[in-house]
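One structure is given here, and the rest of the page talks about it.
So that the names make sense, note that chain A is the first sequence line, chain B the second, and so on, each numbered from 1.
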There are 2 protein chains.
Amino acid sequence: MNQQHSASDTAYEKIRDAIFEEKYERGEKLTEVKLAEELGVSRTPVRDAMRKLEEEGLIKDKRVINPTIKDLMNTFDVRMLLEGFAVRQAARYMGPDRIEGLQRCVETGKQGTTEEIMEANKEFHDIIVRASNNDVLIDTIERMQSVIFLFRRTVVYHQRPRLIEEHEAILEAIQNHEEDQAESLMKSHLKKDLDFSIHSW
Amino acid sequence: MNQQHSASDTAYEKIRDAIFEEKYERGEKLTEVKLAEELGVSRTPVRDAMRKLEEEGLIKDKRVINPTIKDLMNTFDVRMLLEGFAVRQAARYMGPDRIEGLQRCVETGKQGTTEEIMEANKEFHDIIVRASNNDVLIDTIERMQSVIFLFRRTVVYHQRPRLIEEHEAILEAIQNHEEDQAESLMKSHLKKDLDFSIHSW
DNA sequence: AATTATAAAATTGTGTACAATTGTTTTTGT
DNA sequence: ACAAAAACAATTGTACACAATTTTATAATT
């Protein structure tokens, strides 16, 4: 059923995770041969992986990105636009399955482990994004995920206050079909994430 | 100064242009060896090119895209969000160089050849997008350009009425620092492009 | 000592062979 | 004639060799 991972895919995942775990420092030059040796594959799949990582913005000019505050703000400005739009569609109509999904995310946010909370936080936003029913929008946010993840670790590991309550309020607006309210809440929610990320930078 | 084109770059351009010129039909399967032979290079640069084209959405699953009306609408929804935001920043402040650039685009739109008009049309939007001063937003729209271009041919070759007048109105709003007006005009401008594209589909 | 020129090394780009996979036809059995 | 199986063909994935380019180190000139 599930096609097995190719060497390119595993190379991609390993390099990506190594960047997340800061095994490779910010700004470090990544060379194909070095990575190929470390992963025990040839340069070809490594090249594929690096191209994908460049696409996602995790690598730039063969170097691990070292995002500035401005990059962070730019990313969030785009997120606010896209997720603000998405949550409007969600408020217009969202099926019971997805509503339940959001409720579960809130639950986990209240009583899960740190790792579970991070996952639930991401899933909450993912469900709303998918509710946009716009593949272009979905793909665009998907591509931003890696960079966002780099920042989200900060936010959740430091346990930003009121995060779950805000999710709850957004969910309520969705259930009540309050589009304006949902968009407004989502944007201020993301704005707080941004501010929190900047201050704990 | 200008680094010369690599085989990957020229392969990318040639395949892309061939798709634009419909030398390859919508939905046609593109195989690496066939393209490599046609371009007189090995598979390696062709693979690079195809990956980039997939990234841009011109190829999907090794096939030339055959976009649906929904794809078109999705693309424009995202465009409206991003360019609406960009034109706000432009209206807040835009330097004299860029203002002049926009004016030249309007001029060309009035009295240029069809090909020049197309170029000026794109440049008009590009200048505004760049004025957002947000690299994430710029890159995102940049990536959408190929698909947009596929549609824009339709719009300009059929000479949509009032297109230049709308550009002029947007420019005026920018010069008068009317953010709300600029955003509103840009969104309705794009909406008309969308409707026109759909009807001449 | 600083700057330019030259050589060496490292890195990336490209071609090509072969392996693995996928897709297509042919064969076989009922 | 149809379904299943086997053989074959086509396509993509991966490794590796070599070329082209870029970077770094070394030498030469003022």
Respond yes when some side-chain nitrogen or oxygen of B:S8 is under 4.0 Å from OP1 or OP2 of C:dT14, and no when none is. yes
Would you mind telling me which of C:dG13, D:dA15, D:dT12 lies closest to the side-chain atoms of A:R47? C:dG13
Among D:dT14, D:dT12, C:dT14, which nucleotide has an atom closest to any side-chain atom of A:A7? D:dT14
Between the base of D:dG13 and the side chain of A:S6, is there a donor and acceptor pair under 3.5 angstrom? no
Base, sugar-phosphate, or nothing for A:T44, non-hydrogen atoms under 4.0 angstrom? base
Separation of A:D61 atom CG from C:dT11 atom P, in whole Å? 16 Å
Take atom CG of B:L39 and atom C1' of C:dG15, then tell me their distance rounded to the nearest Å. 15 Å
Rounded to whole Å, CD of A:E37 lies from P of C:dT11 at a distance of 10 Å
Whichever of A:G40 and B:V33 has its nearest DNA chain D nucleotide further upstream toward 5': B:V33
Phosphate-side-chain proximity, B:S42 and C:dG15, N/O vs OP1/OP2 below 4.0 Å: yes
Is it the case that over 12 heavy atoms from other parts of the model lie below 6.0 angstrom from the CD atom of B:E25? no
Separation of A:K34 atom NZ from C:dA9 atom P, in whole Å? 21 Å
Starting from P on D:dA10, measure out to NZ on B:K62 and report it in whole angstrom. 18 Å
Between P on C:dT11 and CG on A:L35, what's the gap in Å once rounded to a whole number? 11 Å
Of the options C:dT16, D:dC18, D:dT14, whose atoms approach the side-chain atoms of A:R43 most closely? D:dC18
Does the distance from a Lys or Arg side-chain N to an Asp or Glu carboxylate O, for A:K191 and A:D195, drop under 4.0 Å? yes
What I want to find out is whether B:K70 reaches A:D135 closely enough, with some N-O distance under 4.0 Å, to be called a salt bridge. no
Check the orientation of A:F149 and A:F20. Use parallel for under 30°, tilted for 30 to 60°, and perpendicular for over 60°. tilted
Rounded to whole Å, how long is the line connecting atom CG of A:L30 with atom P of C:dT12? 9 Å
Exactly one candidate in A:E83, A:E123, A:E142 meets salt bridge (charged side-chain N to carboxylate O under 4.0 Å, His left out) with A:R130; the answer is A:E123
Grab the CG-P distance between B:D9 and C:dT12 for me, whole Å please. 16 Å
